[in-house]
Amino acid sequence: MLQESLAWRASFKPDEIRWEDVAGETETGKVYRAVCKDKQGHSVLILRPAKQNTTSREGQIKQLVYMMENAILNLPSGQEEMVWLIDFHEWSLSKSIPVKTAQETAKVLQNHYPERLGIAILYNPPHYFEAFWQIVKPFLDPRTVKKVKFVYSTDAASMKLVNSLFDNSQLEELLREENFNLEEYSRQMRQDDAKFGLRRKLADERPEAA
């Protein structure tokens, strides 16, 4: 698995993806890294399926990889996992990603980012989403399936999980769509690109220990 992942990284070159390569995919705020972290210090990725704005499978996968790399590089010391908060506000089946894209997404995440997902919260998915979930679920590792949690704001029992990760005011901020500012986010991503690019350059130039 490690050999296959190294081969994939050599081919796909995730280290070379920059914000300008995926900015068009991100302009609606369909996937982005939240400024805040959860109570345990995990990076949080916000996903809004209703904001899907392209049909390019290649572009969507490249954006996903870029966001994963960025979230990992922003993990605090000692943390290895992240939280996905998937907000289904205004989502419909007409906005579902194609099954092939879902398959490739699952393949990339499971084969090349194993154990990076701490938990995925599906927040207020419409009941008909279950049909799409039944199609996608067979492509997922059983361990990954266990990390996917359906949460409904009207169900106090399921909200206990969310409340263990975020306080009420923090959750409200995360769910407020207007909080995504493309100009500000672009500036942050460019700063991250420069910071992590320099870090990689220094690592590459560091002489091997004798």
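Residue numbers run from 1 in the order of the sequence given.
- Q60 is not listed as a side-chain neighbour of E104, based on a closest heavy-atom distance of 4.5 Å or more.
- Smallest separation of non-hydrogen atoms from E16 and D21: O-OD2, 3.9 Å.
- Once rounded to the nearest 0.5 Å, the distance linking CD of E81 with CD1 of I119 reads 10.0 Å.
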**Request:** Please step through side-chain contact (heavy atoms from CB on, under 4.5 Å) for the pair W8 and N111, ending with a clear verdict.
**Result:** CA-CA 9 Å; W8 172 80; N111 291 355; over 6 Å; no

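- Between M189 and the choices E184, R33, R18, the side-chain contact (heavy atoms from CB on, under 4.5 Å) rule is met once, by R33.
- Expressed to the nearest 0.5 Å, how far CZ of F166 lies from CG of L161 amounts to 9.0 Å.
- Judged by distance alone, the side chain of S186 and the main-chain N or O of L182 form a donor-acceptor pair under 3.5 Å.
- Considering all non-hydrogen atoms of both residues, L174 and A34 come closest at CD2-CB, 3.6 Å.
- A continuous path of hydrophobic side-chain contacts links L47 to V145 [ILVMFWY only; heavy atoms under 4.5 Å].
- For E183, the CD atom sits in a loose shell: 12 or fewer heavy atoms of surrounding residues, nucleotides or ligands are nearer than 6.0 Å.
- With hydrogens and angles disregarded, no donor-acceptor distance shorter than 3.5 Å links the side chain of S11 to the backbone of A7.
- Between atom CD of residue E27 and atom CZ of residue F180 there is a gap of 9.0 Å, rounded to the nearest 0.5 Å.
- Of the inter-residue distances, the one linking N168 atom CG with E173 atom CD reads 12.0 Å to the nearest 0.5 angstrom.
- Using the six-membered ring where Trp is involved, F129 and F132 have ring planes that are tilted, between 30° and 60° apart.
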**Message:** Quick one, W91 with Y123, criterion ring pair (Phe, Tyr, Trp, His ring centres under 6.0 Å). Give me CA distance, side-chain angles, the key distance, then yes/no.
**Reply:** CA-CA 11 Å; W91 182 83; Y123 192 78; over 10 Å; no

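- To the nearest 0.5 Å, the span separating CG on N124 from OG1 on T154 amounts to 6.5 Å.
- Between L117 and L109, every side-chain heavy-atom pair lies at or beyond the 4.5 Å cut-off.
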**Message:** Between M68 and L45, is the side-chain contact (heavy atoms from CB on, under 4.5 Å) condition met? List the steps.
**Reply:** CA-CA 9 Å; M68 289 294 294; L45 281 185; 4.1 Å; yes

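- Tracing side-chain contacts under 4.5 Å through hydrophobic residues (I, L, V, M, F, W, Y), one reaches V136 starting from L93; they form part of the same cluster.
- Of all the heavy atoms in Y152 and P125, the pair that sits closest is CE2-O, 3.2 Å.
- Side-chain contact check for R9 versus P14: some heavy-atom pair is nearer than 4.5 Å.
- Side chain of E25 to backbone of T54: no donor-acceptor contact under 3.5 angstrom is found.
- Among the candidates I86, V31, I97, the single residue satisfying the side-chain contact (heavy atoms from CB on, under 4.5 Å) test with P49 is I86.
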**Message:** Determine whether L171 and M159 satisfy the following criterion, side-chain contact (heavy atoms from CB on, under 4.5 Å), listing intermediate values before the conclusion.
**Reply:** CA-CA 11 Å; L171 180 62; M159 283 298 292; 3.9 Å; yes

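- Proximity of K147 to E115: side-chain heavy atoms (C-beta onward) are separated by under 4.5 Å at one or more points.
- L165 places none of its side-chain heavy atoms less than 4.5 Å from the side chain of V44.
- Here the shortest heavy-atom pairing between H112 and S5 reads ND1-OG, 3.2 Å.
- Residue Y128 is grouped with residue L122 when hydrophobic side chains (ILVMFWY) are merged at heavy-atom distances under 4.5 angstrom, including chains of intermediate members.
- Hydrophobic clustering, with ILVMFWY side chains joined whenever heavy atoms are under 4.5 angstrom apart, keeps M82 apart from F196.
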**Message:** As a quick check of understanding, evaluate salt bridge (Lys or Arg N to Asp or Glu O under 4.0 Å) for E20 and R190, giving each step before the final call.
**Reply:** CA-CA 8 Å; E20 281 69 23; R190 292 189 182 100; 2.7 Å; yes

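- No side-chain N or O of N74 forms a donor-acceptor pair with one of S43 less than 3.5 Å apart.
- The two residues N53 and K30 come nearest to each other via the heavy atoms OD1-NZ, 2.9 Å.
- The two atoms that bring Q170 and K37 nearest to each other are NE2-O, 2.9 Å, heavy atoms only.
- Hydrophobic clustering (ILVMFWY, side-chain heavy atoms < 4.5 Å, transitive): F139 and V108 are in distinct clusters.
- Contact annotation: the side chain of D155 never approaches that of V151 to less than 4.5 Å [non-hydrogen atoms, C-beta and beyond].
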**Message:** Between E69 and R116, does the salt bridge (Lys or Arg N to Asp or Glu O under 4.0 Å) criterion hold? Intermediate values first, please.
**Reply:** CA-CA 11 Å; E69 293 284 320; R116 285 300 189 181; over 6 Å; no

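- Sorted by first and then second residue, the side chain to side chain donor-acceptor pair (under 3.5 Å) pairs involving residues 131-145 (not counting sequence neighbours) are D141-R143.
- Annotation for K95: atom NZ counts as buried by contact number, over 12 foreign heavy atoms lying within 6.0 Å.
- For the pair N70 (side chain) and Y66 (backbone), a donor-acceptor distance under 3.5 Å is absent.
- With hydrogens and angles disregarded, a donor-acceptor distance shorter than 3.5 Å links the side chain of K149 to the backbone of K146.
- With contacts defined as side-chain heavy-atom distances shorter than 4.5 Å, the pair D192/L73 does not qualify.
- Of the inter-residue distances, the one linking R48 atom CZ with Y32 atom OH reads 4.0 Å to the nearest 0.5 angstrom.
- A donor-acceptor contact under 3.5 angstrom links the side chains of H42 and Q79, judged on distance only.
- Under the 4.5 Å side-chain criterion, counting only non-hydrogen atoms from C-beta, L85 is in contact with L175.
- Not a single salt bridge (charged side-chain N to carboxylate O under 4.0 Å, His left out) links E58 to another residue, sequence neighbours left out.
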